[in-house]
Amino acid sequence: SYFLAIGGARKALTRAELGAIVRVCLAAGDRDAGVRNLFRALGRERGDILVDAKIAGPASPHLAALYDTVVAMARKP
């Protein structure tokens, strides 16, 4: 398991779920699209994360921070 700390919530993720988050972030054409896609993907697959982290929409700074972190870690040599 992997743990995601976001918006005051701490959520467990499987390897497959984390991989899906990484794929959504890396597939986006730009940051705005990536954050929107991340919001939609979490809403479909892990709505509990959005609820517990009090994320009401794609404008949430928590989602932008998650996107930035995922992209930075995935592109690290």
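Positions are given from 1, in the same order as the sequence printed here.
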Where at least one partner belongs to residues 65-77, residue pairs that pass side chain to side chain donor-acceptor pair (under 3.5 Å), sequence neighbours excluded
Arg31-Asp68
Listed partners of [X] passing side chain to side chain donor-acceptor pair (under 3.5 Å), at least two apart:
X     : result
Arg46 : Glu17, Asp48
Arg44 : none
Arg23 : none

I need the minimum non-hydrogen distance between [X] and [Y], along with the two atoms involved.
X     : Y     : value
Ala74 : Val22 : CB-CG1, 4.3 Å
Ile21 : Leu38 : CG2-CD1, 3.9 Å
Gly29 : Ala33 : N-CB, 4.5 Å

Please report, to 0.1 Å, the donor-acceptor pairs under 3.5 Å made by any side chain of residues 51-65, with sequence neighbours excluded.
residue	atom	partner	partner atom	Å
Asp52	OD2	Lys11	NZ	2.6
Ser60	OG	His62	N	3.1

Roughly how far, to the nearest 0.5 Å, is the SG atom of Cys25 from the CG atom of Leu66?
6.0 Å
Separation of Ile49 CD1 from Leu13 CG (nearest 0.5 Å):
5.0 Å
Test side-chain contact (heavy atoms from CB on, under 4.5 Å) applied to Arg10 - qualifying residues, sequence neighbours left out:
Phe3
